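Every heavy atom of this structure was used, including side-chain atoms; hydrogens, water molecules and symmetry mates were not. For ligands, and for the atoms within them, numbers begin at 1 and follow the listed sequence. Computed from a predicted structure; not experimentally measured.
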Amino acid sequence: MLSVILPAYNEEKMLGKSASVISKILEDAKIDYQLVFVNDGSKDNTWSEIEKAAAANKNIVGVNFSRNFGKESAMFAGLATATGDCVAVMDCDLQHPPEVLIEMYRLWEQGYEVVEAVKRSRGKESIFHKASAGLFYKLISSAVKIDMSRASDFKLMDRKCVETLLAMPEKNAFFRALSSWIGYKSTSVEFDVQEREEGESKWSTWSLVKYAITNIVAFSSVPMQLVTIAGVCSFIFGIVMGVQTLINFIMGKSVQGFTTVILLLLLMGSLIMISLGIIGYYISKIYEEVKGRPRYIISKVIGK
Ligand code: UDP
Ligand code: MG
């Protein structure tokens with residue numbers, strides 16, 4: 001059975017439609033399915049729309065959050081609720097074309113364990129949005145060491161991968177990157193991001209910035225090491241400046257006391273920065289330990 005997880009936040013206008021469109025496509029393809037709608041604390045009638053859809057179709061399951069916890073949490077709640085042998089995650093605004101689901105399901109039947117849908121085109125976006133998304137994905141890609149520039153949350157995973165993700169104790173999980181990080185036999189299909197028919201995007205510029213920072217920090221300690229690098233740079237600069245100040249002092253061109261002040265300032269500044277960087281490094285190691293990610297993931301063992 002295929003479970004499809006659909007996080008929904010203020011989607012009353014799209015819910016009924018996506019429920020019927022997706023069920024129709026899966027029924028036509030003769031795939032045994034289950035739709036798991038997770039209502040992420042919507043302020044509109046999304047939950048009653050889910051109840052209505054669930055009453056009309058016994059393959060629909062609804063999960064209701066007590067308040068808005070964000071899409072990442074909604075996806076994980078869906079993963080924990082879904083009972084299918086393979087589980088797909090997609091947006092419930094039909095921006096992820098449901099026909100692609102069939103293609104992904106067939107690839108899973110051929111033995112792929114993670115099927116990622118990658119964006120062929122990013123749909124309509126402002127230049128600012130495109131540029132900042134570009135920078136974000138560059139940073140994340142180097143942290144995960146997998147190209148994420150076209151990644152989306154639209155994925156299909158085998159039961160095994162779902163269990164692995166659910167077993168991870170970290171709370172600040174970044175689904176899109178974590179599902180690549182776990183590895184397994186994976187492949188990808190391309191899709192064009194569709195335009196939203198009803199409702200509006202839930203992401204403000206500010207929420208995107210917050211999202212980017214949380215996820216970069218969840219996957220990389222590079223920002224912390226920047227302090228060390230800055231410290232080393234200012235140390236080198238300090239030596240150059242120090243030599244120049246000393247020469248001035250020896251040649252008797254400097255004001256009384258000026259040399260000492262400048263030398264102390266340069267030296268202390270760079271030393272403090274380097275020490276902060278070293279402390280930061282230990283904090284980043286503590287952070288990694290606290291996250292408690294598994295040391296390795298085994299996909300299969302053969303023989304006795
Ligand atoms: N969503 C959610 N919780 C949130 C924000 C969004 O569950 O706090 C869901 C939303 O209902 C939709 C999906 O996440 O199914 C993608 O959101 P949206 O379409 O607003 O994002 P965009 O397509 O503009 O990136
Ligand atoms: Mg959308």
Side-chain angles (χ1 to χ4, degrees), residues 3-23 35-51 53 60-82 87-98 100-101 116-134 136-137 140 148-156 171-177 179 191-215:
S3 298
V4 184
I5 296 166
L6 301 125
Y9 177 57
N10 295 349
E11 301 280 7
E12 58 178 6
K13 293 197 191 113
M14 284 309 293
L15 209 119
K17 179 155 191 217
S18 50
S20 57
V21 169
I22 298 168
S23 348
L35 303 186
V36 183
F37 282 98
V38 183
N39 175 30
D40 184 11
S42 302
K43 294 185 178 61
D44 62 3
N45 292 320
T46 303
W47 180 242
S48 53
E49 288 291 325
I50 294 176
E51 285 179 321
I60 294 182
V61 178
V63 176
N64 196 16
F65 276 5
S66 60
R67 65 167 171 88
N68 180 250
F69 281 96
K71 188 183 177 190
E72 300 291 315
S73 305
M75 288 189 288
F76 275 90
L79 292 181
T81 311
V87 179
V89 177
M90 67 192 287
D91 286 1
C92 81
D93 52 9
L94 294 178
Q95 282 190 296
H96 294 159
V100 178
L101 258 185
E116 320 227 7
V118 298
K119 297 171 188 162
R120 191 181 295 131
S121 61
R122 292 186 57 100
K124 255 198 353 218
E125 270 176 349
S126 71
I127 294 179
F128 172 74
H129 190 135
K130 211 166 244 167
S132 47
F136 170 66
Y137 282 115
I140 278 287
M148 300 264 310
S149 59
R150 291 151 73 217
S152 68
D153 283 331
F154 190 12
K155 294 192 196 238
L156 187 142
K171 302 287 177 293
N172 220 328
F174 179 31
F175 176 74
R176 202 176 288 193
S179 53
F191 75 101
D192 289 305
V193 177
Q194 308 295 307
E195 265 190 50
R196 196 181 242 286
E197 289 172 28
E198 300 271 1
E200 56 201 18
S201 175
K202 308 298 176 303
W203 298 93
S204 63
T205 307
W206 177 238
S207 64
L208 279 175
V209 170
K210 272 203 304 200
Y211 178 79
I213 293 177
T214 327
N215 291 321

**Message:** Can you report which non-hydrogen protein atom sits closest to atom 25 (O) of ligand 1, along with the distance?
**Reply:** W203 CD1, 3.7 Å
**Prompt:** Which class fits the ring pair F154 and H96: parallel under 30°, tilted 30 to 60°, perpendicular over 60°?
**Reply:** parallel
**Message:** Just verifying a value: how many Å separate Q95 CD and F191 CZ, rounded to the nearest 0.5 Å?
**Reply:** 9.0 Å
**Request:** Determine whether L35 and V61 make a side-chain contact, defined as any pair of heavy atoms from C-beta on separated by less than 4.5 Å.
**Result:** no
**Item:** Identity and distance of the protein heavy atom lying nearest atom 10 (C) of ligand 1
**Value:** E11 OE2, 3.2 Å
**Prompt:** How far is atom 5 (C) of ligand 1 from its nearest protein heavy atom, and which residue and atom name does that atom have?
**Reply:** K202 CB, 3.7 Å
**Interfacing atoms of ligand 1 (cut-off 4.0 Å, heavy-atom, P7)** = 7 (O), 9 (C), 10 (C), 11 (O), 12 (C), 15 (O)
**Message:** Are any of the N/O atoms on G70, whether in the backbone or the side chain, positioned under 3.5 angstrom from an N/O atom of ligand 1?
**Reply:** no
**Request:** Take I50 and L15 through the side chain to side chain contact (heavy atoms under 4.5 Å, CB included) test and state the conclusion after the steps.
**Result:** CA-CA 7 Å; I50 294 176; L15 209 119; 3.6 Å; yes
**Message:** Please check whether A74 reaches ligand 1 - meaning an N/O of the residue sits under 3.5 Å from an N/O of the ligand, judged on distance alone.
**Reply:** no
**Item:** Heteroatom N/O/S of D91 within less than 2.8 Å of the Mg ion (ligand 2)
**Value:** no
**Request:** Go through ligand 1 atom by atom and flag the ones less than 4.0 Å from a non-hydrogen atom of Q95.
**Result:** 19 (O), 22 (P), 23 (O)
**For atom 24 (O) of ligand 1, closest protein heavy-atom neighbour** = S201 OG, 2.6 Å
**Request:** Would you give the length of the straight line joining atom CG of N39 to atom CD of E12, rounded to the nearest 0.5 angstrom?
**Result:** 11.0 Å
**Message:** Within the 4.0 Å heavy-atom shell around D91, which atoms of ligand 1 are there?
**Reply:** 13 (C), 15 (O), 16 (C), 23 (O)
**Message:** Please find the pair of heavy atoms, one from P7 and one from C92, that lie closest to each other, and give the distance.
**Reply:** O-SG, 3.5 Å
**Asked** Say you draw a straight line from CD of E11 to CH2 of W47; how long is it, rounded to the nearest 0.5 Å?
**Response** 15.0 Å
**Request:** Check K71 against ligand 1 and report side chain, backbone, both or neither, counting heavy atoms closer than 4.0 Å.
**Result:** both
**Item:** Residue and atom name of the nearest protein heavy atom (relative to atom 1 (N) of ligand 1), distance in Å to one decimal
**Value:** Y9 CB, 3.7 Å
**Complete:** Note: ligand 1 atoms sitting under 4.0 Å from heavy atoms of D93 are 18 (P), 19 (O), 23 (O)
**Request:** Would you tell me whether K155 and S179 have side-chain atoms, one donor and one acceptor, within less than 3.5 Å of each other?
**Result:** yes
**Message:** To check your reading of the model: name the closest protein heavy atom to atom 18 (P) of ligand 1, its residue, and the distance in Å.
**Reply:** R196 NH2, 3.5 Å
**Message:** Please classify the D40 to ligand 1 contact at 4.0 Å (heavy-atom distances, strictly less than): side chain, backbone, both or neither.
**Reply:** side chain
**Fill in**
The atom of D93 among N, O or S that is nearest the Mg ion (ligand 2) is OD2
**Message:** To the closest 0.5 Å, what do you measure between OG1 (T46) and OH (Y9)?
**Reply:** 9.5 Å
**Lys/Arg N to Asp/Glu carboxylate O, R67 vs D40, below 4.0 Å** = no
**Request:** Report the part of N68 (side chain from C-beta onward, or backbone N, CA, C, O) that has a heavy atom under 4.0 Å from ligand 1; answer both or neither where that applies.
**Result:** side chain
**Request:** List the atom of S152, the atom of R176, and the distance in Å for their closest heavy-atom pair.
**Result:** O-CG, 3.4 Å
